[in-house]
Amino acid sequence: MKYLLDVHTHTLASGHAYNTMMEMADAAFKKGLKLLGITEHAPMLPGSCNNIYFRNLKVVPRTICGIEVMLGVELNILDFDGHVDLDEATMRQLDLKIASLHSLCILPGDIKENTRAVLGAIHNPLIDIIGHPDDGIYPLEYEPIVEAAKETNTLLEVNNNSLNPIGARKNTRGNIIKMLELCRQYEQPVVMNSDSHVFSDVGRHDFSEEVIREIGFPEELIVNRSVDVFKEYIGRKYRK
């Protein structure tokens with residue numbers, strides 16, 4: 001399968017990434033992608049952007065270095081009710097909203113609390129994707145998460161960075177497989193993202209592709225196959 005988009009990436013603005021927008025877009029174009037999502041970390045993650053950064057993204061062109069870009073945010077889930085760290089008005093100005101659990105912003109709870117946090121984010125009509133729902137630091141009940149994602153047209157992410165052996169997330173392979181098997185059962189689409197913090201990782205799916213092939217996950221449930229399929233899917237959330 002040819003992957004045409006990568007919509008979870010970070011630039012220098014996130015504080016712990018190492019390239020500019022133009023460098024990331026150039027890398028995506030050279031790798032044959034048709035769409036790049038740049039989703040900087042939201043304000044509660046140390047060293048990242050403040051609110052005015054996100055409110056001013058309207059000035060940035062949506063074609064850079066020959067590739068279409070969507071500009072958005074990786075929000076931090078802040079509590080077990082699923083609240084996040086940008087206000088509704090700011091979120092509405094962005095092209096793309098991912099919500100994730102990060103240990104610098106919320107301490108792990110028990111499996112019920114962590115699951116409730118993710119479900120709260122899924123039921124937020126402004127959130128498009130749940131980022132790296134695979135980290136064993138936050139044990140999750142995957143069936144209610146997949147059910148809620150199906151109900152709300154929220155994409156679940158298969159995060160290549162999570163599977164990288166140099167990464168810090170725990171038990172990611174087993175958790176991703178568990179989630180994917182449920183996604184197959186419920187016919188819930190997923191998005192495969194790099195979560196790249198450096199230009200060389202843009203469009204990288206080697207670790208996640210290995211898992212996809214191992215379990216025979218169906219291509220028709222992977223939205224990366226088409227920019228139109230991806231946009232149509234996230235657009236459904238706003239029409240419910």
Side chains of His8 and Glu157: do they bring a donor and an acceptor to under 3.5 Å? yes
What is the distance from atom CG of Leu101 to atom CG of Asn76, rounded to the nearest 0.5 Å? 9.0 Å
Determine whether a donor-acceptor pair (N or O, by modelled atom type, separation under 3.5 Å) exists between the side chain of Ser14 and the backbone of Ser48. no
Do the side chains of Leu94 and Leu45 join up, straight or via other hydrophobic residues, at under 4.5 Å, putting them in one cluster? no
With Val7 as reference, evaluate Ile38, Ile98, Leu36, Val191 under the side chain to side chain contact (heavy atoms under 4.5 Å, CB included) test and give the passing residue. Val191
Going only through I, L, V, M, F, W and Y residues with side-chain contacts under 4.5 Å, is there a path from Ile234 to Leu4? no
One thing to verify: whether Asp81 and Arg116 come together as a salt bridge, which I'm taking to mean a side-chain N less than 4.0 angstrom from a carboxylate O. yes
Is there a side-chain contact between Met22 and Ile64, using heavy atoms and a 4.5 Å cut-off? yes
Hydrophobic clustering (ILVMFWY, side-chain heavy atoms < 4.5 Å, transitive) - are Met1 and Val190 grouped together? yes
Hey, quick one: are Tyr53 and Val59 part of the same hydrophobic cluster, counting side-chain heavy atoms closer than 4.5 Å, chains of contacts allowed? yes
Does a side-chain N-to-carboxylate-O contact under 4.0 Å join Arg184 and Glu181? yes
With rounding to the nearest 0.5 Å, note down the distance linking CD in Glu232 to CG in Asn153. 8.5 Å
So does Val73 get a backbone contact from the side chain of Lys97, meaning a donor-acceptor N/O pair under 3.5 Å? no
Do Leu180 and Val158 come within less than 4.5 Å of each other through their side chains, counting heavy atoms only? yes
CZ of Phe199: more than 12 outside heavy atoms within 6.0 angstrom? no
Taking all non-hydrogen atoms of both residues into account, name the closest pair between Leu126 and Met91 and its distance. CB-CE, 3.6 Å
Minimum heavy-atom separation for Val227 and Leu5, please, with both atom names. CA-CD2, 3.8 Å
Any side-chain heavy atom of Asn19 within less than 4.5 Å of one from Thr11? no
Exam field: side chain Asn114 to backbone Asp110, donor-acceptor pair closer than 3.5 Å: yes
Determine, using the 4.5 Å side-chain heavy-atom cutoff (strictly less than), whether Met44 and Leu104 are members of one ILVMFWY cluster. no
One pair to check against side-chain hydrogen bond (donor to acceptor under 3.5 Å, both in side chains): Asn160 and Ser208. What are the steps and the verdict? CA-CA 5 Å; Asn160 197 69; Ser208 51; 3.2 Å; yes
Can you see which heavy atom on Met70 is nearest to which on Leu35, and at what distance? CG-CD1, 3.6 Å
Evaluate the side chain to side chain contact (heavy atoms under 4.5 Å, CB included) criterion for residues Tyr138 and Thr115: first the C-alpha distance (whole Å), next the side-chain angles of each, then the deciding distance (0.1 Å), finally the verdict. CA-CA 9 Å; Tyr138 298 94; Thr115 300; over 6 Å; no
Main-chain N/O of Leu86 paired with Thr90 side-chain donor or acceptor, under 3.5 Å: no
For Thr172, the option from Asn161, Val211, Leu163 that meets side chain to side chain contact (heavy atoms under 4.5 Å, CB included): Leu163
So, are Asp87 and Arg55 salt-bridged, with charged N and O less than 4.0 Å apart? yes
Given His205 and Asn224, is the side chain to side chain contact (heavy atoms under 4.5 Å, CB included) satisfied, shown in steps? CA-CA 11 Å; His205 301 296; Asn224 303 68; 4.2 Å; yes
Side chain to side chain, Glu187 and Pro218, heavy atoms closer than 4.5 Å: no
Met192 and Asp6, any side-chain heavy atoms less than 4.5 Å apart: no
Check: Glu220 main-chain N/O paired with Arg225 side-chain donor or acceptor under 3.5 Å: yes
Taking atom types as modelled and ignoring hydrogens, do the side chains of Ser162 and Asp134 form a donor-acceptor contact shorter than 3.5 angstrom? yes
Is any side-chain heavy atom of Glu210 less than 4.5 Å from a side-chain heavy atom of Arg173? yes
Side chains of His102 and Glu74, heavy atoms from C-beta outward: is any pair under 4.5 Å? yes
With distance as the sole criterion, is a donor-acceptor pair present between the side chains of Tyr18 and Glu23 under 3.5 Å? no
Quick test of your reading of the model: are Glu141 and Lys112 salt-bridged, counting only N-O distances below 4.0 Å? yes
Does the pair Asp201/Arg204 count as a salt bridge with the N-to-O cut at 4.0 Å? yes
When rounded to the nearest 0.5 angstrom, what distance separates CG in Leu96 from CG in Leu71? 9.5 Å
Rounded to the nearest 0.5 Å, how far apart are OG of Ser100 and CG of Leu75? 8.0 Å
Mind checking the CZ-CD1 spacing from Phe217 to Ile222? Nearest 0.5 Å is all I need. 6.0 Å
Which class fits the ring pair His10 and His41: parallel under 30°, tilted 30 to 60°, perpendicular over 60°? parallel
Are the side chain of Lys31 and the backbone N or O of Asp26 linked by a donor-acceptor pair below 3.5 Å? no
Tell me the closest heavy-atom pair linking Leu140 and Pro133, and the distance in Å. CD1-O, 3.8 Å
Closest non-hydrogen atom pair between Ile67 and Ala25, with its separation: CG2-O, 3.6 Å
Passes side chain to side chain contact (heavy atoms under 4.5 Å, CB included), Leu156 versus Ile129? Steps please. CA-CA 6 Å; Leu156 299 174; Ile129 297 169; over 6 Å; no
Does a side-chain heavy-atom distance below 4.5 Å link Val84 with Leu78? no
Nearest-0.5 Å distance that lies between atom CZ in Phe29 and atom NZ in Lys34: 7.5 Å
Run the numbers on Asn159 and Asn193 for side-chain hydrogen bond (donor to acceptor under 3.5 Å, both in side chains), then give the verdict. CA-CA 5 Å; Asn159 187 297; Asn193 284 326; over 6 Å; no
Residue pair Phe54 / Cys49: nearest heavy atoms and the distance that separates them: CE1-CB, 3.7 Å
